[in-house]
Participant: 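Handing you this structure, nothing more for now.
Values below: every heavy atom of this structure, side chains too, minus hydrogens, waters and symmetry copies. This is a predicted model, so every value here is computed, not measured.
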Amino acid sequence: MRRFVVIGQQATAAGDFLLIDVAGTSGRLDVLLRCLRAALLVSHGLRRDTVVYLVLLGGPRAPRVVRFDGSAIRFVRPDERSLGVMVQKALEAGLEGCGFVEIRSGLAVAEGGLDAVLADLPRAVRAVEAPSAGASAYVLDEGARDIRDAEIDLREPVFFVGDHLGFDDGSRLLLAAHGVTRLGLGPVSVHAEDAITLVCNELDRRGA
Ligand SMILES: C[S@@+](CC[C@H](N)C(=O)[O-])C[C@H]1O[C@@H](n2cnc3c(N)ncnc32)[C@H](O)[C@@H]1O
(Lines give C-alpha, C1' and ligand atoms only; values in the text may rest on other atoms or scores of the structure.)
Protein backbone atom coordinates (compact mmCIF):
# COMPACT_ATOMS: atom_id res chain seq x y z
CA MET A 1 0.00 0.00 0.00
CA ARG A 2 1.28 3.50 -0.89
CA ARG A 3 0.37 6.43 1.26
CA PHE A 4 0.47 10.17 0.61
CA VAL A 5 0.07 12.69 3.40
CA VAL A 6 -0.59 16.25 2.24
CA ILE A 7 -0.30 18.95 4.88
CA GLY A 8 -2.48 22.00 4.31
CA GLN A 9 -1.12 24.74 6.57
CA GLN A 10 -4.19 26.94 6.13
CA ALA A 11 -6.66 24.52 4.53
CA THR A 12 -9.93 24.72 6.40
CA ALA A 13 -10.99 21.88 8.68
CA ALA A 14 -14.63 23.06 8.48
CA GLY A 15 -17.08 22.36 5.70
CA ASP A 16 -18.28 25.94 5.28
CA PHE A 17 -16.31 26.81 2.14
CA LEU A 18 -17.98 27.74 -1.15
CA LEU A 19 -17.85 25.15 -3.90
CA ILE A 20 -17.98 27.91 -6.50
CA ASP A 21 -14.84 29.48 -5.02
CA VAL A 22 -12.89 26.79 -3.19
CA ALA A 23 -9.55 28.51 -3.70
CA GLY A 24 -10.82 31.79 -2.28
CA THR A 25 -12.84 30.50 0.68
CA SER A 26 -11.06 27.44 2.06
CA GLY A 27 -7.45 28.36 2.85
CA ARG A 28 -6.41 26.84 -0.49
CA LEU A 29 -8.06 23.46 -0.01
CA ASP A 30 -8.04 23.36 -3.83
CA VAL A 31 -4.32 22.55 -3.67
CA LEU A 32 -5.09 19.49 -1.55
CA LEU A 33 -7.96 18.42 -3.81
CA ARG A 34 -5.62 18.38 -6.79
CA CYS A 35 -3.15 16.35 -4.73
CA LEU A 36 -5.94 13.90 -3.97
CA ARG A 37 -6.70 13.50 -7.66
CA ALA A 38 -3.05 13.04 -8.54
CA ALA A 39 -2.50 10.38 -5.88
CA LEU A 40 -5.73 8.42 -6.16
CA LEU A 41 -6.93 8.64 -9.74
CA VAL A 42 -5.55 7.41 -13.04
CA SER A 43 -7.11 7.62 -16.47
CA HIS A 44 -10.44 5.81 -16.15
CA GLY A 45 -9.68 4.35 -12.78
CA LEU A 46 -8.62 4.43 -9.17
CA ARG A 47 -5.35 3.39 -7.61
CA ARG A 48 -6.64 0.68 -5.29
CA ASP A 49 -3.23 0.43 -3.61
CA THR A 50 -3.20 4.03 -2.36
CA VAL A 51 -4.32 5.85 0.76
CA VAL A 52 -4.37 9.66 0.87
CA TYR A 53 -4.49 11.78 4.01
CA LEU A 54 -5.41 15.46 3.77
CA VAL A 55 -4.18 17.20 6.93
CA LEU A 56 -6.27 20.33 7.51
CA LEU A 57 -4.59 22.83 9.81
CA GLY A 58 -6.69 25.92 9.02
CA GLY A 59 -9.56 27.62 10.88
CA PRO A 60 -11.19 27.11 14.27
CA ARG A 61 -12.14 23.44 13.64
CA ALA A 62 -8.50 22.49 13.00
CA PRO A 63 -6.70 20.24 13.18
CA ARG A 64 -8.55 17.46 11.37
CA VAL A 65 -7.57 14.84 8.80
CA VAL A 66 -9.66 13.38 5.96
CA ARG A 67 -8.54 9.94 4.81
CA PHE A 68 -9.33 8.37 1.42
CA ASP A 69 -8.69 4.66 1.06
CA GLY A 70 -8.40 3.64 -2.58
CA SER A 71 -9.10 -0.01 -1.78
CA ALA A 72 -12.58 0.77 -0.47
CA ILE A 73 -13.75 4.10 -1.84
CA ARG A 74 -16.20 4.31 -4.75
CA PHE A 75 -17.77 6.95 -6.98
CA VAL A 76 -14.74 9.24 -7.05
CA ARG A 77 -14.76 11.67 -9.95
CA PRO A 78 -11.66 13.56 -11.07
CA ASP A 79 -13.04 17.09 -11.15
CA GLU A 80 -12.15 19.43 -8.31
CA ARG A 81 -15.77 20.29 -7.55
CA SER A 82 -16.77 16.64 -6.97
CA LEU A 83 -13.75 16.09 -4.78
CA GLY A 84 -14.63 19.29 -2.89
CA VAL A 85 -18.16 18.00 -2.30
CA MET A 86 -16.76 14.76 -0.86
CA VAL A 87 -14.48 16.61 1.54
CA GLN A 88 -17.23 19.04 2.49
CA LYS A 89 -19.67 16.24 3.31
CA ALA A 90 -17.01 14.44 5.32
CA LEU A 91 -16.24 17.59 7.33
CA GLU A 92 -19.93 18.29 7.95
CA ALA A 93 -20.87 14.72 8.89
CA GLY A 94 -20.47 15.53 12.59
CA LEU A 95 -19.47 11.98 13.51
CA GLU A 96 -17.26 11.71 16.54
CA GLY A 97 -15.12 8.91 17.86
CA CYS A 98 -11.62 7.80 18.56
CA GLY A 99 -9.16 7.88 15.66
CA PHE A 100 -10.55 7.78 12.11
CA VAL A 101 -14.34 7.63 11.94
CA GLU A 102 -15.69 6.24 8.67
CA ILE A 103 -18.24 8.49 6.94
CA ARG A 104 -18.76 6.03 4.10
CA SER A 105 -16.77 3.22 2.61
CA GLY A 106 -13.18 4.40 2.14
CA LEU A 107 -13.78 7.91 3.49
CA ALA A 108 -12.95 8.76 7.10
CA VAL A 109 -12.25 11.78 9.30
CA ALA A 110 -10.14 12.12 12.44
CA GLU A 111 -9.67 14.88 14.95
CA GLY A 112 -5.99 15.82 15.15
CA GLY A 113 -3.21 16.66 12.76
CA LEU A 114 -0.05 14.87 11.77
CA ASP A 115 -0.16 12.96 15.06
CA ALA A 116 -3.44 11.33 13.99
CA VAL A 117 -1.84 10.26 10.70
CA LEU A 118 1.26 8.86 12.39
CA ALA A 119 -0.94 6.88 14.77
CA ASP A 120 -2.84 5.44 11.80
CA LEU A 121 0.21 4.19 9.90
CA PRO A 122 1.14 0.51 10.01
CA ARG A 123 3.50 -0.14 12.89
CA ALA A 124 6.31 -0.92 10.47
CA VAL A 125 6.54 2.68 9.33
CA ARG A 126 6.29 4.23 12.78
CA ALA A 127 9.91 5.00 13.30
CA VAL A 128 9.53 5.90 16.97
CA GLU A 129 8.48 2.35 17.80
CA ALA A 130 10.52 0.63 15.11
CA PRO A 131 13.45 2.88 14.18
CA SER A 132 14.94 0.37 11.74
CA ALA A 133 11.78 0.50 9.64
CA GLY A 134 11.64 4.29 9.54
CA ALA A 135 13.15 4.28 6.07
CA SER A 136 9.69 3.60 4.63
CA ALA A 137 8.61 7.14 5.43
CA TYR A 138 9.73 9.96 3.12
CA VAL A 139 9.25 13.69 3.06
CA LEU A 140 9.30 15.35 -0.36
CA ASP A 141 11.62 18.29 0.06
CA GLU A 142 13.26 20.54 -2.47
CA GLY A 143 17.04 20.17 -2.54
CA ALA A 144 17.08 16.77 -0.88
CA ARG A 145 18.71 13.65 -2.36
CA ASP A 146 17.13 12.81 -5.71
CA ILE A 147 14.52 10.05 -5.71
CA ARG A 148 16.23 8.54 -8.77
CA ASP A 149 19.34 7.85 -6.71
CA ALA A 150 17.46 6.63 -3.67
CA GLU A 151 16.33 3.20 -2.62
CA ILE A 152 12.63 3.26 -1.89
CA ASP A 153 11.03 0.59 0.23
CA LEU A 154 8.21 -0.37 -2.11
CA ARG A 155 6.19 -2.39 0.42
CA GLU A 156 4.62 0.32 2.58
CA PRO A 157 6.00 3.69 1.55
CA VAL A 158 4.48 6.85 2.96
CA PHE A 159 5.25 10.23 1.41
CA PHE A 160 4.70 13.55 3.18
CA VAL A 161 3.99 16.50 0.89
CA GLY A 162 3.83 20.22 1.64
CA ASP A 163 1.20 22.57 0.23
CA HIS A 164 1.77 25.81 -1.72
CA LEU A 165 3.52 27.19 1.38
CA GLY A 166 5.74 24.17 1.92
CA PHE A 167 5.98 22.73 5.44
CA ASP A 168 5.37 24.55 8.72
CA ASP A 169 8.08 24.32 11.38
CA GLY A 170 6.02 22.07 13.66
CA SER A 171 5.47 19.48 10.92
CA ARG A 172 9.13 19.59 9.94
CA LEU A 173 10.22 19.00 13.53
CA LEU A 174 7.76 16.14 14.04
CA LEU A 175 8.80 14.42 10.80
CA ALA A 176 12.48 14.85 11.64
CA ALA A 177 11.85 13.39 15.10
CA HIS A 178 10.37 10.33 13.40
CA GLY A 179 13.47 9.92 11.29
CA VAL A 180 11.65 10.46 8.02
CA THR A 181 13.96 10.44 4.98
CA ARG A 182 14.08 13.56 2.78
CA LEU A 183 13.67 13.02 -0.95
CA GLY A 184 14.10 15.44 -3.84
CA LEU A 185 12.39 15.37 -7.22
CA GLY A 186 14.80 17.38 -9.31
CA PRO A 187 16.01 20.95 -9.52
CA VAL A 188 12.66 22.70 -9.95
CA SER A 189 10.09 23.35 -7.20
CA VAL A 190 6.88 22.01 -8.73
CA HIS A 191 3.29 22.20 -7.56
CA ALA A 192 2.40 19.74 -4.81
CA GLU A 193 0.12 17.68 -7.07
CA ASP A 194 2.85 17.46 -9.70
CA ALA A 195 5.29 16.28 -7.04
CA ILE A 196 2.85 13.44 -6.27
CA THR A 197 2.55 12.57 -9.96
CA LEU A 198 6.34 12.35 -10.22
CA VAL A 199 6.49 10.00 -7.24
CA CYS A 200 3.64 7.83 -8.58
CA ASN A 201 5.42 7.58 -11.91
CA GLU A 202 8.67 6.61 -10.21
CA LEU A 203 6.92 3.91 -8.16
CA ASP A 204 5.02 2.66 -11.23
CA ARG A 205 8.28 2.35 -13.15
CA ARG A 206 9.85 0.41 -10.31
CA GLY A 207 6.94 -1.99 -10.43
CA ALA A 208 5.41 -1.10 -7.10
C1 LIG B 1 4.79 24.16 -4.31
S2 LIG B 1 5.88 23.21 -3.34
C3 LIG B 1 6.19 24.25 -1.94
C4 LIG B 1 6.83 25.55 -2.27
C5 LIG B 1 7.02 26.42 -1.08
N6 LIG B 1 7.05 27.77 -1.54
C7 LIG B 1 8.31 26.10 -0.34
O8 LIG B 1 9.25 26.87 -0.46
O9 LIG B 1 8.42 25.10 0.35
C10 LIG B 1 4.79 22.04 -2.63
C11 LIG B 1 5.41 20.77 -2.12
O12 LIG B 1 5.71 19.89 -3.20
C13 LIG B 1 6.87 19.13 -2.92
N14 LIG B 1 7.88 19.49 -3.92
C15 LIG B 1 7.76 20.39 -4.94
N16 LIG B 1 8.85 20.41 -5.70
C17 LIG B 1 9.70 19.50 -5.17
C18 LIG B 1 11.02 19.06 -5.52
N19 LIG B 1 11.67 19.56 -6.55
N20 LIG B 1 11.60 18.11 -4.75
C21 LIG B 1 10.93 17.58 -3.69
N22 LIG B 1 9.69 17.96 -3.32
C23 LIG B 1 9.07 18.91 -4.04
C24 LIG B 1 7.30 19.51 -1.51
O25 LIG B 1 6.72 18.60 -0.59
C26 LIG B 1 6.71 20.89 -1.36
O27 LIG B 1 6.51 21.24 -0.01
Participant: What pair of heavy atoms forms the shortest contact from Thr50 to Ala39, and how long is it?
Facilitator: CG2-O, 3.6 Å

Participant: May I ask you to check whether Glu156 and Ser136 show a side-chain donor-acceptor distance below 3.5 Å?
Facilitator: no

Participant: Count the heavy atoms of every other residue, nucleotide or ligand shown that sit under 6.0 Å from NE2 of His191, and state whether that count exceeds 12.
Facilitator: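 No - once you tally the heavy atoms of other residues, nucleotides and ligands closer than 6.0 Å, there are 12 at most.
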
Participant: Would Phe75 and Ile103 show up in the same hydrophobic cluster when neighbours are defined by side-chain heavy atoms closer than 4.5 Å?
Facilitator: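 As far as the 4.5 Å side-chain criterion goes, Ile103 and Phe75 are not connected within one cluster.
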
Participant: Do Val190 and Phe4 belong to the same hydrophobic cluster, where Ile, Leu, Val, Met, Phe, Trp and Tyr are linked whenever their side-chain heavy atoms lie under 4.5 Å apart, directly or via other members?
Facilitator: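 Both belong to a single hydrophobic cluster.
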
Participant: Are Leu54 and Leu19 in one and the same hydrophobic cluster, where Ile, Leu, Val, Met, Phe, Trp and Tyr link if side-chain heavy atoms are under 4.5 Å apart?
Facilitator: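 Looking at the clustering, Leu19 is in the same group as Leu54.
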
Participant: Which value, rounded to the nearest 0.5 Å, describes the distance between Ser71 atom OG and Asp49 atom CG?
Facilitator: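 Between Ser71 OG and Asp49 CG, I get 9.5 Å after rounding to 0.5 Å.
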
Participant: Would you indicate whether the side-chain heavy atoms of Arg104 and Lys89 approach each other to under 4.5 Å?
Facilitator: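 Side-chain contact under 4.5 Å: no.
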
Participant: Quick one: CD1 on Ile7 to CG on Leu57, what's the gap to the nearest 0.5 Å?
Facilitator: 7.0 Å

Participant: Which atoms form the tightest heavy-atom contact between Leu56 and Ala62, and what is the distance?
Facilitator: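 In this case the closest contact between Leu56 and Ala62 is O-CB, 3.7 Å.
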
Participant: Under a 3.5 Å distance rule, please check whether Arg145 uses its side chain to pair with a backbone N or O of Leu183 as donor and acceptor.
Facilitator: no

Participant: Under 3.5 Å, side chain of Arg28 to main-chain N/O of Val22, donor-acceptor pair present?
Facilitator: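 Judged by distance alone, no pair lies under 3.5 Å.
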
Participant: Determine, step by step, whether Leu121 and Leu118 satisfy the side chain to side chain contact (heavy atoms under 4.5 Å, CB included) criterion, reporting the C-alpha distance in whole Å, the side-chain angles of both residues, the deciding distance to 0.1 Å, and the verdict.
Facilitator: CA-CA 5 Å; Leu121 296 178; Leu118 293 170; 4.0 Å; yes

Participant: For Phe17, does its backbone N or O pair with a side-chain atom of Gln88 as donor and acceptor, under 3.5 Å?
Facilitator: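 Yes: the side chain of Gln88 pairs with the backbone of Phe17.
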
Participant: Closer than 3.5 angstrom, by distance alone: can the side chain of Thr12 be matched with the main-chain N or O of Gly27 as a donor-acceptor pair?
Facilitator: no

Participant: Would a hydrophobic clustering, with Ile, Leu, Val, Met, Phe, Trp and Tyr connected at side-chain separations under 4.5 Å, put Ile20 with Leu83?
Facilitator: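 Each belongs to a different hydrophobic cluster.
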
Participant: How close do Ala38 and Cys200 get, counting heavy atoms only, and between which atoms?
Facilitator: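 It is O-SG, 4.1 Å.
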
Participant: Is there a side-chain contact between Val76 and Leu36 in this structure, where contact means two heavy atoms from C-beta onward sitting under 4.5 Å apart?
Facilitator: no

Participant: Testing the basics here: between Val65 and Gly112, what is the closest heavy-atom pair and its distance to 0.1 Å?
Facilitator: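 Closest heavy-atom pair between Val65 and Gly112: CG2-O, 3.3 Å.
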
Participant: Does the Ser82 side chain pair with the main chain of Pro78, one donor and one acceptor, at a distance under 3.5 Å?
Facilitator: no

Participant: What I'd like to find out is whether the side chain of Val158 reaches to under 4.5 Å of the side chain of Val117, using heavy atoms alone.
Facilitator: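 No, side chains not in contact.
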
Participant: If only atom types and distance count, is the side chain of Asp141 paired as donor or acceptor with the main-chain N or O of Ala144 below 3.5 Å?
Facilitator: no

Participant: What heavy-atom pair brings Ala90 and Leu107 nearest, and what distance separates the two atoms?
Facilitator: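 Looking at all heavy atoms of both residues, the shortest contact is CB-CD2, 4.1 Å.
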
Participant: Measuring from Asp146:CG to Glu202:CD, what's the distance to the nearest 0.5 Å?
Facilitator: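 Answer for the CG-CD pair, Asp146 versus Glu202, is 8.0 Å.
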
Participant: Are the side chains of Arg61 and Glu111 in touch, meaning some heavy atoms are under 4.5 Å apart?
Facilitator: yes

Participant: So, do Leu185 and Asp194 sit near enough that their side-chain heavy atoms are less than 4.5 Å apart?
Facilitator: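 In short, these two side chains do not touch, never coming nearer than 4.5 Å.
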
Participant: Which atoms form the tightest heavy-atom contact between Asp163 and Gln10, and what is the distance?
Facilitator: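 Smallest heavy-atom distance, with atoms named: OD2-N, 4.2 Å.
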
Participant: Can you tell me how far apart CG (Leu203) and CZ (Arg47) are? Round to the nearest 0.5 Å.
Facilitator: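 The CZ atom of Arg47 is 8.0 Å from CG of Leu203, to the nearest 0.5 Å.
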
Participant: So, do Val109 and Val101 sit near enough that their side-chain heavy atoms are less than 4.5 Å apart?
Facilitator: no

Participant: Is it true that Arg77 and Asp79 have a side-chain N and a carboxylate O under 4.0 angstrom from each other?
Facilitator: yes

Participant: Looking at Asp169, I want to see if its CG is surrounded by more than 12 non-hydrogen atoms of other residues, nucleotides or ligands under 6.0 Å.
Facilitator: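 Check fails, neighbour count at 12 or below.
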
Participant: Any salt bridge linking Arg37 with Glu80? Criterion: basic side-chain nitrogen under 4.0 Å from a carboxylate oxygen.
Facilitator: no

Participant: Are the side chains of Met1 and Val51 in contact, using a 4.5 Å heavy-atom criterion?
Facilitator: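 They are in contact (side-chain heavy atoms under 4.5 Å apart), so the answer is yes.
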
Participant: Kindly compute the distance separating CD (Glu193) from CG (Leu33), expressed to the nearest 0.5 Å.
Facilitator: 10.5 Å

Participant: Please report the C-alpha distance between Phe159 and Ile196 in whole Å, then the side-chain angles of each, then the deciding distance to 0.1 Å, and finally whether the side chain to side chain contact (heavy atoms under 4.5 Å, CB included) criterion is met.
Facilitator: CA-CA 9 Å; Phe159 300 91; Ile196 290 175; over 6 Å; no

Participant: List the steps, then state whether side chain to side chain contact (heavy atoms under 4.5 Å, CB included) holds for Val87 with Phe68.
Facilitator: CA-CA 10 Å; Val87 170; Phe68 300 80; 3.7 Å; yes

Participant: Can any side-chain N or O of Ser171 pair as donor or acceptor with the backbone N or O of Phe167 at less than 3.5 Å?
Facilitator: no

Participant: Tell me whether Arg206 is salt-bridged to Asp204, with the criterion being a basic N under 4.0 Å from an acidic carboxylate O.
Facilitator: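 A salt bridge is absent here (no side-chain N lies under 4.0 Å from a carboxylate O).
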
Participant: Do you reckon Val52 sits in the same ILVMFWY cluster as Leu154, going by side-chain contacts under 4.5 Å, direct or chained?
Facilitator: yes

Participant: Return the CG to OG distance between Leu18 and Ser26, rounded to the nearest 0.5 Å.
Facilitator: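 So the gap between those two atoms works out to 9.5 Å.
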
Participant: Does CZ in Arg155 sit with more than 12 non-hydrogen atoms of other residues, nucleotides or ligands closer than 6.0 Å?
Facilitator: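 No.
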
Participant: Any heavy-atom pair between the side chains of Ile147 and Tyr138 that's under 4.5 Å?
Facilitator: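 No, their side chains stay 4.5 Å or more apart.
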
Participant: Donor-acceptor pair, Arg67 side chain versus Phe100 backbone, under 3.5 Å?
Facilitator: no

Participant: Please test Leu41 against Leu46 for side chain to side chain contact (heavy atoms under 4.5 Å, CB included), starting from the C-alpha separation and ending with a verdict.
Facilitator: CA-CA 5 Å; Leu41 295 172; Leu46 268 167; 3.5 Å; yes

